[in-house]
Protein chains: 2
Amino acid sequence: MTALYQDVALRLRRAISDGTYPPGSQLPSEHELAEWFGVARSTIRHALAMLGEDGVVASHRGARRTVLAVPRLQNFGELRSFSLWARSIGAEPSGRVELLERRAATEVQARELGLSADDPVIYVVRVRLLDGKPVMIERTAYVERAGLLLSFVDLERESISERLEEHGIVFAHAEHTIDAVNATPDDARLLAIEPGLALLRERRRATDPRGQALEWSEDRYVGDAVAFTIRNSIALSPLVRDRAATPETAAASTTNSGN
Amino acid sequence: MTALYQDVALRLRRAISDGTYPPGSQLPSEHELAEWFGVARSTIRHALAMLGEDGVVASHRGARRTVLAVPRLQNFGELRSFSLWARSIGAEPSGRVELLERRAATEVQARELGLSADDPVIYVVRVRLLDGKPVMIERTAYVERAGLLLSFVDLERESISERLEEHGIVFAHAEHTIDAVNATPDDARLLAIEPGLALLRERRRATDPRGQALEWSEDRYVGDAVAFTIRNSIALSPLVRDRAATPETAAASTTNSGN
DNA sequence: AGCAGTAGCTTGTACCTACAAGTGGGCCGC
DNA sequence: GCGGCCCACTTGTAGGTACAAGCTACTGCT
């Protein structure tokens, strides 16, 4: 079912996690690993490449691979889904729907979702809670195809993305832009915090496997509740530093209705 | 000099950038590309895998690859180096050193850099400016090996990382943790902003190719000047959502001296 | 003892074959 | 006309060979 190289990668991950190859130590050579696992060197290399992408091992021509860090288990689903993430850290997620309506896309939404002006979107504002404490406001515009399925979802308790996947809507790629904003009076009310507190803002565009946009979201996290972590390296750097939020998106996102 | 697959990847990137294969369109098959470029299919696959890691193309068994987005040129160096990044967006970077001293590592610094308690670090506080406007405070602890070379660097004008690489100190991996904090009075004074303004905080641990820690830094960006962007996908997700800054690091980083 | 040169090991690159798994369009029958 | 089936095409997986490039440890010379 799963590919051989994925199985090998998983077993290597486990070997690193359980201390067989602690951070700072060197891995056996590709040749040795291939012999032990009974696979070709190319398969071992494929598996090790995955660990390299996750920043778990470093490699250099001529020298054996070095273990950089213990692998983190978080996957794409946990990143996109608040519910999945919450449960993975042992907290109880819940949600409170502030707004749910079908309406014409704003200019920003149309551009980000690849729609024409005034095409309809499903707009949802939810406050997300961890163990009953509000930690995030989620203002999401779904394309009609995905959004219409929301009527089948119990938004207060269920994970939207989990249910959508059951209906054949699969989130496969995402682009996240992260900056910091002060809480507006509206934000403060919804999150039960002081106005002006620093919030971590994540604007996210998620697409299906074909690259068709499915949602555009503006999430605001309470600063002392959540952080994002990225690993990168010379070989692989998915993180980009940008200049300034553009004025129109900054202005458009200061109210509930303008996202 | 450069590897074949890197050359192919570059040419494909350019073909996407210049509109030959616009976002949403489909790429030629691996077979066709291999023939056109005069290389093996495995080489084409290697190149396409790189584009996939950058979120530029999506691929699925059975169907041709889809172009997701125009590639961004930013590389690892531009992410680590404020100077390189600034010049790449056409702005003039500069810096103002507020503090530079050799002193014993704090508990946090020792843990992050893999040092023993009271091992010395070189601690630098710099305000970074874009076209003369302060946008970031950088509070960095260097391990002695790297930090001692700082005496050769003109900190007001030059890029630390560029000069260190000339001396054989190479930054190869980094782990970034991003959250939001309100500007302390100290931050506000250094950045010439109002206290309490939302700042984007990036804590960064960078290592050499072997995984040996070189620096631990806490950078604070003015929220409306800089944002970070990440692309990820089901296959590759270097981004991780974390719970809360730990109390000790949050407390330790509220003053100049405590980083 | 100390140093330089080298031989062997290790990873990187490039090529190849073969087959599996999944897509999509065209053809055929109804 | 329309729906279902099938086949050609496309990507994914797994294996292999050969050689290049770079590191390390050892040998042997001074």
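Here is the naming used below: chain letters follow the sequence lines, and residue numbers restart at 1 for every chain. It should be emphasised that the depicted structure is a prediction, and the values quoted were computed from it without experimental measurement.
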Going by an N to O cut-off under 4.0 Å, is there a salt bridge joining A:Glu138 and A:Arg126?
-> yes
Can you check side chain to side chain contact (heavy atoms under 4.5 Å, CB included) on B:Ile16 and B:Val67, steps first, answer last?
-> CA-CA 8 Å; B:Ile16 293 169; B:Val67 178; 3.8 Å; yes
Residues in side chain to side chain contact (heavy atoms under 4.5 Å, CB included) with A:Thr66, at least two apart?
-> A:Gln26, B:Arg210
Contacts of type side chain to side chain donor-acceptor pair (under 3.5 Å), residue B:Thr20, not counting sequence neighbours | B:Asp18
Please name all residues satisfying salt bridge (charged side-chain N to carboxylate O under 4.0 Å, His left out) with A:Glu32, sequence neighbours left out, ordered by chain then number.
-> A:Arg64
Looking at A:Arg204, A:Arg205, A:Gln109, which hits side-chain hydrogen bond (donor to acceptor under 3.5 Å, both in side chains) with A:Glu215?
-> A:Arg204
Go through the steps for B:Glu218 and B:Arg139 under the test salt bridge (charged side-chain N to carboxylate O under 4.0 Å, His left out), then give the verdict.
-> CA-CA 5 Å; B:Glu218 202 232 32; B:Arg139 297 182 175 98; 3.7 Å; yes
Using a heavy-atom distance cut-off of less than 4.0 Å, which residues of residues 32-40 of chain B contact DNA chain C?
-> B:Val39, B:Ala40
Residues two or more places apart in sequence or in another chain: which of them pass salt bridge (charged side-chain N to carboxylate O under 4.0 Å, His left out) with A:Arg11?
-> A:Asp7
Phosphate-side-chain proximity, A:Ser42 and D:dG16, N/O vs OP1/OP2 below 4.0 Å = no
Whole-Å distance, B:Glu30 CD to D:dT13 P, equals 11 Å
Between which nucleotides of DNA chain C, 5' to 3', does chain A make heavy-atom contacts below 4.0 Å?
-> C:dT10 to C:dG24
For a quick test of your reading: what N or O donor-acceptor pairs under 3.5 Å do the side chains of residues 37-50 of chain A make, sequence neighbours left out?
from	atom 1	to	atom 2	distance (Å)
A:Arg41	NH1	A:Glu30	OE1	2.4
A:Arg45	NH1	A:Glu30	OE2	2.8

Got a list of protein N/O to nucleotides 5-8 of chain D N/O distances below 3.5 Å?
none

Identify, with sequence neighbours excluded, every residue that meets salt bridge (charged side-chain N to carboxylate O under 4.0 Å, His left out) alongside B:Asp119.
-> none
Return the set of residues passing side chain to side chain contact (heavy atoms under 4.5 Å, CB included) with A:Ala63 (not counting sequence neighbours), or none when no residue passes.
-> none
Quick one, give me the B/S/- string for nucleotides 17-27 of chain D, reading 5' to 3', where B means a protein heavy atom under 4.0 Å from the base and S means that only happens at the primed atoms, P, OP1 or OP2.
-> -B--BBSS---
Partner set under side chain to side chain contact (heavy atoms under 4.5 Å, CB included) for A:Pro120, not counting sequence neighbours | A:Arg102, A:Glu144
Find the distance A:Ile44:CD1 to D:dT13:C1' and express it as a whole number of Å.
-> 14 Å
Non-hydrogen side-chain atoms of A:Tyr21 and A:Pro28 separated by less than 4.5 Å = yes
From CZ of A:Arg45 across to P of D:dG16 the rounded distance in Å is 15 Å
Between atom NE2 in A:His46 and atom P in D:dG16, what is the gap in whole Å?
-> 17 Å
